[in-house]
Amino acid sequence: MWSPGRCIRSLRQAPLLRVRSTHYRRGVSTLHNVNEKTAPATDSNDFLRLIFDDKNTWDQHRKLYASAAPVGLLGNPHFTDVSGYEYAAKQAIQRAQLIVERIWRAPENGALEMQRVVKNLDRLSDTLCSVIDLAEFLRNAHPGEETMEAANKAYMDLCFYMNTLNTDTRMHKVLAQVLADKSIVEKFTPDEHAAAIVFLRDFEKSGIHLPNKQREQFVELSDRIIQLGREFVQREPRGVDRIRVDPASLNGLGQSVSRSSLDKDGYMHIPTNSHECQVILKYASNENVRRQVYEAVNSANRDSVHILELLMKTRAELANLVGRSSFADLQLQDKMAKSPANVRAFLRTLLNHQAPASERDIQLLQEIKQRAMRLDSPPVINAWDRDYYMHVSEVLERQSQGPAPYMPYFSVGSVMQGLSRLFNHLYGIQFVPGTPHPGELWHDDVRKLDVVCEQEGKIGTIYCDLYSRLGKTTNAAHYTVRTSRRVDDDDSDNDIRFAFPQQNVSESNFLPPIPQTPSTIRGRDGLFQLPVIALTCDFNNTNNGTALLSMFEIETLFHEMGHAMHSMLGRTDFHNVAGTRCATDFVELPSILMEHFIWHPDVIPLLSKDPKSAPSASTIQAYLKQRRRFNGIETNSQILMALLDQEYHSIDASDQTFSSIKAWHSLQDDVGLFPSVPGTMWPVQFGHLFGYGAGYYSYLFDRTLARRIWQKCFLQDPLSRVQGLAFRDKLLKWGGARDPWQCVADVLGEEDAERIASGDEESMRTVGDWGIDV
């Protein structure tokens with residue numbers, strides 16, 4: 001329960017953690033005093049665009065607070081130097097332990113303390129996350145090695161402490177008592193009840209409710225799974241490390257393959273993990289060479305297969321220990337899917353829905369291969385034919401129809417300005433350039449944005465680290481630095497009194513509480529911790545600070561901003577169900593929905609200085625048609641991988657005769673588009689089997705939901721405030737505090753709502769039959 005949790009990293013994903021504290025200085029921030037030195041975010045000026053596109057504008061803006069008192073990274077007062085990381089971790093652990101002691105003693109401290117148990121569990125989670133989320137981000141994004149090491153140590157120290165919480169049964173017992181008391185539960189708010197259920201499920205999924213001997217076994221199995229998973233992801237999986245190829249068989253491709261591969265024997269010895277192998281599969285006309293390369297690239301050594309199967313069997317053993325039939329059964333109980341049977345129902349229905357598109361793609365490849373080989377009948381398309389004949393098809397299309405339609409490039413600033421305009425249309429919110437204090441940012445390229453609502457005032461902060469630099473990860477990612485929650489009812493002043501009743505323990509024995517500055521939100525009672533997130537991308541920048549983005553890169557930024565809006569607008573009173581802290585098969589829906597917007601002819605002009613210069617609807621459609629060529633094949637591949645993930649984590653993994661190789665080849669021949677190839681075993685390269693165990697279907701699932709919402713709510717008018725507010729109020733604002741099936745049903749309404757609101761197997765089939773846009 002207290003382990004570092006879900007990640008929105010992809011498939012484009014970035015870390016989320018469940019765990020955050022709440023002492024704060026009295027001093028309330030409001031919209032007007034937070035932003036008194038920032039420029040207004042109106043369309044009458046280009047200031048928002050220029051702070052991204054013009055370095056001089058940004059430098060001048062930063063000077064507004066150049067003489068202000070320094071703060072730590074992302075505003076944390078302790079993250080000013082490397083020594084502060086250790087102090088911050090120590091402070092968080094000490095405060096967390098006070099809250100733990102208080103929760104343990106709630107039954108003896110009376111009814112009011114029992115009523116505060118869920119709130120205190122949420123404070124405990126927030127206390128730890130206040131440091132571990134930030135440390136997780138900085139150990140991945142900070143350019144300084146010393147800072148990265150300090151952040152990593154703080155992260156590991158907190159992980160070790162959280163592991164000790166996993167072995168203590170007392171908090172679970174107290175929470176169970178609370179949930180068994182109807183007089184307490186009936187007073188819960190929806191946020192509080194949702195948070196309580198999440199805590200209870202996480203406790204029980206961690207085996208904390210088991211008898212001592214079984215609990216020790218659970219911890220041992222969990223540790224073994226982590227070790228096996230790391231080895232599975234990090235080791236070299238292939239059984240063949242180099243392949244011997246005659247340069248003459250490459251039909252002129254020798255120049256495209258590194259000459260350093262040429263050995264004294266006159267043959268090229270090409271590493272199977274190299275780009276050269278992909279080049280051969282795509283461009284080499286010699287089928288025998290392609291087959292040779294394909295079989296080598298997809299080979300597996302015995303140890304890799306053994307580790308994969310041991311990982312699956314150990315997960316199955318852990319699931320059986322807590323009374324579940326399979327690891328998938330254990331993992332899916334708190335997801336939208338609920339059960340392995342429901343996931344299979346969705347995937348099989350989706351497979352049937354997408355079959356016509358997949359078959360068309362295969363038929364086209366067969367026609368091209370038949371002509372190329374001068375055959376009388378359509379040939380079989382083998383796995384090693386796929387990339388080559390797809391390339392030939394693209395060449396033939398360019399020859400007959402000309403190059404792909406031109407799509408313009410847009411500057412980062414123009415895209416950010418366009419996103420602000422779009423969100424203003426939809427939700428009534430805008431981006432206002434924030435002015436960072438000295439020490440707040442980790443690199444000169446980072447920009448700070450305040451997110452401002454026309455009704456509520458400032459509702460959060462986004463740090464944008466969008467440009468590439470040496471050593472920076474190339475993955476686009478959304479990091480939760482801090483979630484929203486209500487803080488004025490924390491009652492943290494009584495932590496010591498209730499943690500050590502009748503012991504007269506002095507506050508001087510403890511480090512000072514973690515400082516905070518709470519904020520008001522117009523129209524809501526109480527004081528709140530506002531969400532803070534960081535977005536990282538890897539866009540190439542020019543010397544003058546103006547990066548031009550392709551449509552693919554813009555789509556990536558729109559995707560990450562979908563996560564950001566979920567974080568900004570999902571402002572619940574409880575940290576543990578705020579923003580993107582929701583079911584993993586729900587969390588990608590808002591971000592995938594945002595990808596649809598960028599391709600609408602009414603949205604692209606928002607990015608342009610001259611809306612008349614934006615591409616026409618016909619140009620956009622022609623571009624998408626060419627871009628989506630062979631998407632039927634790609635979607636089938638994704639469904640195949642999702643089904644494999646389910647198969648490997650099914651009840652079959654407990655069987656002594658379980659064979660990952662047989663399961664893979666059987667599934668390929670059953671639902672795949674290409675015959676299985678004896679001697680190959682690609683799944684040893686499928687790293688998501690560890691990170692996503694039994695959850696790989698989630699991205700496909702959210703793609704179908706997002707497509708349906710786009711078609712029914714936004715396709716006709718993507719700038720509709722009515723539809724935007726409906727999506728905000730019925731889905732985004734709830735974070736993880738409401739049944740996501742009900743959220744989606746409320747957004748869709750009418751017949752769709754009736755068909756899916758129950759969230760059962762038939763609902764999953766309905767979603768599968770909505771299909772994916774190819």
Side-chain angles (χ1 to χ4, degrees), residues 11 326 328-329 331-362 582-593 595-596 628 630-650 666-668 670-673 688 692-713 715 731 739-774:
L11 309 183
S326 67
D329 184 34
Q331 289 297 97
L332 296 171
Q333 59 182 305
D334 58 351
K335 307 300 187 292
M336 289 184 73
K338 298 185 177 69
S339 74
N342 289 355
V343 174
R344 287 193 295 271
F346 162 71
L347 291 172
R348 290 284 177 171
T349 306
L350 181 62
L351 182 73
N352 291 335
H353 182 96
Q354 302 297 134
S358 303
E359 290 166 2
R360 283 195 301 270
D361 286 352
I362 290 296
C582 57
T584 53
D585 54 2
F586 178 61
V587 74
E588 291 289 339
L589 193 162
S591 54
I592 296 172
L593 177 64
E595 295 179 21
H596 288 274
R628 291 171 178 166
F630 300 112
N631 265 17
I633 291 177
E634 177 56 32
T635 301
N636 178 273
S637 297
Q638 291 296 317
I639 295 171
L640 176 62
M641 286 187 274
L643 284 168
L644 179 72
D645 179 39
Q646 292 299 308
E647 184 74 16
Y648 279 1
H649 292 100
S650 72
S666 175
L667 203 55
Q668 276 187 300
D670 177 26
V671 304
L673 299 176
H688 286 309
Y692 280 79
Y696 194 76
Y697 74 93
S698 299
Y699 203 77
L700 288 167
F701 183 66
D702 284 346
R703 280 184 68 187
T704 60
L705 292 175
R707 178 175 182 253
R708 190 67 167 186
I709 290 173
W710 169 255
Q711 289 178 329
K712 296 207 61 176
C713 303
L715 178 61
L731 190 146
D739 179 2
W741 282 108
Q742 193 60 56
C743 291
V744 175
D746 286 353
V747 169
L748 291 172
E750 301 173 346
E751 183 181 348
D752 282 350
E754 294 179 10
R755 296 179 65 193
I756 70 167
S758 60
D760 56 9
E761 182 174 326
E762 191 55 39
S763 301
M764 294 290 286
R765 292 187 190 279
T766 296
V767 175
D769 204 37
W770 287 342
I772 290 173
D773 190 9
V774 296

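Fair warning: this is a prediction, and the values are worked out from it, not measured in the lab.
- Between the side chain of Q646 and the backbone N or O of A328 there is no donor-acceptor pair closer than 3.5 Å.
- Across S758 and K338, no two heavy atoms sit closer than the pair O-NZ, 4.2 Å.
- A distance-only check finds no donor-acceptor pair linking the side chain of D585 to the backbone of F701 [under 3.5 Å].
- Although no hydrogens or angles enter the test, the distance criterion places a donor-acceptor pair under 3.5 Å between the side chain of D645 and the main chain of Y696.
- Nearest approach of V671 to R348, heavy atoms of both residues: CG1-NH1, 3.2 Å.
- Residue N352 comes nearest to P356 through the heavy atom pair O-CD, 3.7 Å, listed as atom of the first residue, atom of the second, then distance.
- The two residues A642 and Y697 come nearest to each other via the heavy atoms CB-CA, 3.9 Å.
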Could you walk me through whether H688 and M641 pass side-chain contact (heavy atoms from CB on, under 4.5 Å), step by step? CA-CA 10 Å; H688 286 309; M641 286 187 274; over 6 Å; no

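- Between the side chain of R708 and the backbone N or O of V767 there is no donor-acceptor pair closer than 3.5 Å.
- The shortest non-hydrogen separation linking D702 to L589 is OD2-N, 3.4 Å.
- Nearest heavy-atom pair, E761 versus N342, reported as atom, atom and distance to 0.1 Å: CB-OD1, 3.1 Å.
- Between the CG atom of L643 and the CD atom of Q668 there is a distance of 12.5 Å, given to the nearest 0.5 Å.
- In this structure, E588 CD and R703 CZ are separated by 11.5 Å, a value rounded to the nearest 0.5 Å.
- If you take CG on L332 and NE2 on H649, they are separated by 10.5 Å, rounding to the nearest 0.5 Å.
- Note: T635 OG1 to L700 CG = 7.5 Å, rounded to the nearest 0.5 Å.
- Rounding to the nearest 0.5 Å gives a distance of 11.5 Å between CD of E751 and CD1 of I756.
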Walk me through it: do Q333 and D329 pass the test side-chain hydrogen bond (donor to acceptor under 3.5 Å, both in side chains)? CA-CA 6 Å; Q333 59 182 305; D329 184 34; over 6 Å; no

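- With hydrogens and angles ignored, the 3.5 Å screen pairs no side-chain donor or acceptor of W770 with any backbone N or O of L705.
- Put simply, the side chain of D361 gets close to the backbone of G632: a donor and an acceptor are under 3.5 Å apart.
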